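See below for the structure under consideration.
Quick caveat, the model's predicted, so the values are computed rather than measured.
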Amino acid sequence: MPSQGPSLKDLFDRLNQQGGPGNIPRPGTSLVDRLARWGRRALVVAAVVLVVALLACYWWFHPSLNLGSVQVWMWIAGICVVGLLALWVASERSVMRTRLYRRLMIVPAAPVVAFVVGLLLSQPFFPGNAERYASVLDTTDGVFAEDIQEVDYAEVPVIDRDSAILLGNRAMGSIPEYVSQFEIADTYSQINYQGRPVRVSPLVYADLFKWFSNRDTGIPAYVLVDMVTQEAEVVRLEEPILYSDSEPLARNLDRHVQLSYPGLMFDQKSFELDEEGHPWWVYPVQRRTIGTFGGTDIYAVVLVDACTGETDFYAVEEVPTWVDRAYPSDLLIEQYNWSGMYERGWLNSWLGQEGVVRTTPGTNGQLGYNYLAQGEDIYLYTGVTSVTADDSSVGFILVNQRTGESHFYPVAGATEASAMASAEGQLQNLRYQATYPILLNVAGQPTYFVSLKDDAGLVKMFAMINIEQYQSVATGSTVEECQEAYLALLAADGLLSEQEAADASVTVEVSGEVATIAQAVVDGNSHFYVTLADDAAGTIYDFALPGLLEIVTYQPGDQIAFRIAEKDVGSDVATVAELL
C-alpha cells in the first residue's frame, strides 16, 4: 500500500523549526525574547526615553506628590509595572529567568498591598475610626436669635447662581470687543465684597485660537453681579489676568500652583476679590486625618495673584479676612454628614440608626445648601434631617467658610424642598419656580426667603416661609412688600404680637397728591413711576406689578397713600411696599 504523507502535527513542528514562511518568528519567540537581544546602548536609550516621557507626563498632569493622594498611588503602580518589564527583559540574558521573575513579583505587589492596607485603615468600620470621622468637624449648638443678625433688607440676596449667569451674559453682550474673544467662566463664586453679597467670575479665552491671539495681553476683565440690586457689570482691569484655567501651557492655573507646591493636595479652588477689587485664586490645602486616605480636612490656603501668578501660603487660622472660602462647600457638607452618621459608632449608623442625621438633599440630585452673609464672612447654610424622614428637618447648621467654625440650631420644621413647594403652591396659577431658600432672622423668627422666577429665569416675586410653620407663606412683588405681608401673617398666626410686628416693620407711610405718573417695562416687568406734588425731595416712587395692580386706577391730581422702606426716605427712587 502507498505510504501515508506527513501528519498535520509533523508539518506544524517542521514549520516551527524552520521559522515559517518568510522567516516569520515561531510562536515561542515572544516580545520579551526579542527585547532581550537588545544591546546595552539600546537599553540605555530606552531608559532615557522612558524617564523623559515620565517627566513630560508629570508636567502635563501634575499630580500631587503626596502619599495621601490616590492618583500618586496609581502612578507608583504604573512605574512598578514598567520597572518589572525592564527587569524581566534583562533576566532573559540569564538562565535564572523564571526564578528571578518570581522574586521580582514582590516589586509591584508591595505598593498594591500598601494601597489596600491604607484603604482599610481609612474606613469608618476600622476600630476607632468612626469616632474620628465624627469629630473632624467640631459643631456646637447655637442660639438662633443671638447668633444670627436680624435681616437688613438692603443686603438680602434676591437672585441665585442661575440668575447671576443670565445677568452676567447680558452685561457681557454689551461689550462687542470682548464677546468676540472671550467668554465668562462658569465659576461665579459668591463672596462678600465691600459689605455686599456678590458673585464674581473671570473671563476666559473663547477657544484655543483666541488664546493664541490674546495670550500676550491676557484676560482684561471679570464679571461682578450684585445679588441684591441685580446689577451686573464687566469690571475692566488695569493689570490683566494671566493665570487661569483657560491657559493651556505654563500659565495654566492648576499646573502653576501644583508645580509650585508639589507635595500639597489641593481642594476645589475659588475666584475671589480683595477689598480693592484685585482678583485672586484661593486654593484650600487638604490633609488626611484618618488612615492614609480618610478624614479629609483643610489646614492651609494658598493664595494666587491672578494677574502675576505670585503665591502666598497661609495656615488656615492666618488667612486674610477678605478671603471668604477657605473651606469648600461640598467638603463641609461631607464632614457634617460624617458626624451625623458616626457620632454613636459605625454599627449604629447601619443597624439601630439612633440619632443618625444628615444634611437635607437639594433638587435634581444636587447637594442642598446656600450661603448667608454675616459681617465680613460667608456662612454655608443647610438643613439637617433624620435619615428616616425626608419632609421635616430637626434643625440647621451654619458653617463659617473661612474659619470652619460650625454651629447647629435645633429648630424643627420644614425642609428647604418643602418650603420651595409651599412658595410655588401659593402662586401655582403663575407657574413660577422657587430658588433654593436662604435663611433670614425676621423679628427673631427663623425664616426661609425664596425668589420666584418665570420660565425665562427672571425674578418676578418673593416669598417668606416660616421654618417652624411652613404653611405660613407670604408673597410680594418687592422684598419690602413681602416682608410687610409676612409680619402681618406672623401677627395673625400668634407668632408675633401686633406691637412686635409693628416694631419689626421698616416701612413708613407716605401720602400726597399725584403729580405725574408714567409706565415702563424693566427686565420684562411692568412698573409705574409716580411723583407727588409739593415733594421737596423730588422722589420717584416705583410701583411694581402685578403686586400693586391698583396703581393703574390713579391719575394725576388723585390723592394717594402708600408705604415705602424707611431706608428709601429722601432717596431719588423709592420702592413702594404697599398701597393703603
Side-chain angles (χ1 to χ4, degrees), residues 150-159 196 226-231 426-427 430 432 440 442-443 447 449 451-452 458-464 473-492 496-580:
E150 284 209 34
V151 58
D152 180 354
Y153 292 100
E155 298 180 0
V156 175
V158 299
I159 58 174
R196 304 280 291 181
D226 191 309
M227 300 182 68
V228 179
T229 64
Q230 304 186 54
E231 296 176 354
Q426 196 77 0
L427 301 168
L430 298 176
Y432 290 158
L440 300 180
V442 180
T447 302
F449 175 83
S451 299
L452 293 159
L458 300 176
V459 175
K460 294 296 186 179
M461 297 190 73
F462 307 96
M464 291 183 179
V473 182
T475 61
S477 298
T478 65
V479 176
E480 291 82 3
E481 180 185 341
C482 181
Q483 175 248 358
E484 287 297 316
Y486 182 65
L487 290 174
L489 188 62
L490 293 179
L496 289 180
S497 67
E498 291 186 3
Q499 184 59 47
E500 288 174 326
D503 292 341
S505 176
V506 291
T507 61
V508 295
E509 182 177 336
V510 177
S511 60
E513 179 184 326
V514 175
T516 63
I517 184 168
Q519 183 183 4
V521 176
V522 180
D523 293 333
N525 298 319
S526 294
H527 293 252
F528 278 77
Y529 296 96
V530 174
T531 61
L532 299 181
D534 301 324
D535 184 359
T539 302
I540 299 174
Y541 298 98
D542 179 5
F543 292 76
L545 271 60
L548 302 174
L549 188 61
E550 297 88 345
I551 188 62
V552 302
T553 64
Y554 286 83
Q555 301 291 333
D558 292 345
Q559 291 294 319
I560 191 172
F562 50 86
R563 289 185 178 276
I564 65 170
E566 187 176 30
K567 65 181 177 64
D568 287 342
V569 174
S571 60
D572 293 335
V573 179
T575 300
V576 177
E578 179 185 9
L579 262 168
L580 300 177

For Gln519, side chain to side chain contact (heavy atoms under 4.5 Å, CB included) partners two or more places apart = Ser526, Phe528

note = Those residues at least two apart in sequence (or on a different chain) that pass side chain to side chain donor-acceptor pair (under 3.5 Å) with Thr478 are none

inquiry  = I need the minimum non-hydrogen distance between Cys482 and Phe462, along with the two atoms involved.
reply    = SG-O, 3.7 Å

task = For the pair Val156 and Phe449, evaluate side-chain contact (heavy atoms from CB on, under 4.5 Å) and give the outcome as yes or no after the intermediate values.
result = CA-CA 9 Å; Val156 175; Phe449 175 83; 3.7 Å; yes

For residues 538-553, run the donor-acceptor check on the side chains, cut-off 3.5 Å, and write out each pair with its distance to 0.1 Å, sequence neighbours left out.
unit_1: Thr539; atom_1: OG1; unit_2: Ser571; atom_2: O; d: 2.9
unit_1: Tyr541; atom_1: OH; unit_2: Asp535; atom_2: OD2; d: 3.3
unit_1: Asp542; atom_1: OD1; unit_2: His527; atom_2: ND1; d: 2.8
unit_1: Asp542; atom_1: OD2; unit_2: His527; atom_2: ND1; d: 3.3
unit_1: Thr553; atom_1: OG1; unit_2: Glu550; atom_2: O; d: 2.7

request  = Return the set of residues passing side chain to side chain contact (heavy atoms under 4.5 Å, CB included) with Val228 (not counting sequence neighbours), or none when no residue passes.
outcome  = Arg196, Pro197, Asp226

Compile the donor-acceptor pairs under 3.5 Å between side chains in residues 510-517 and protein atoms, sequence neighbours left out, one pair per line.
unit_1: Thr516; atom_1: OG1; unit_2: Thr531; atom_2: OG1; d: 2.4

ask   = Considering residues at least two apart in sequence or located in another chain, which fulfil the side chain to side chain contact (heavy atoms under 4.5 Å, CB included) criterion with Leu427?
value = Leu430, Tyr432, Leu452, Met461, Thr475

note = Rounded to the nearest 0.5 Å, the CG atom of Leu579 sits from the CZ atom of Arg563 at a distance of 12.0 Å

request  = Please round to the nearest 0.5 Å and tell me the distance separating atom CD1 of Ile159 and atom CG of Leu458.
outcome  = 11.0 Å

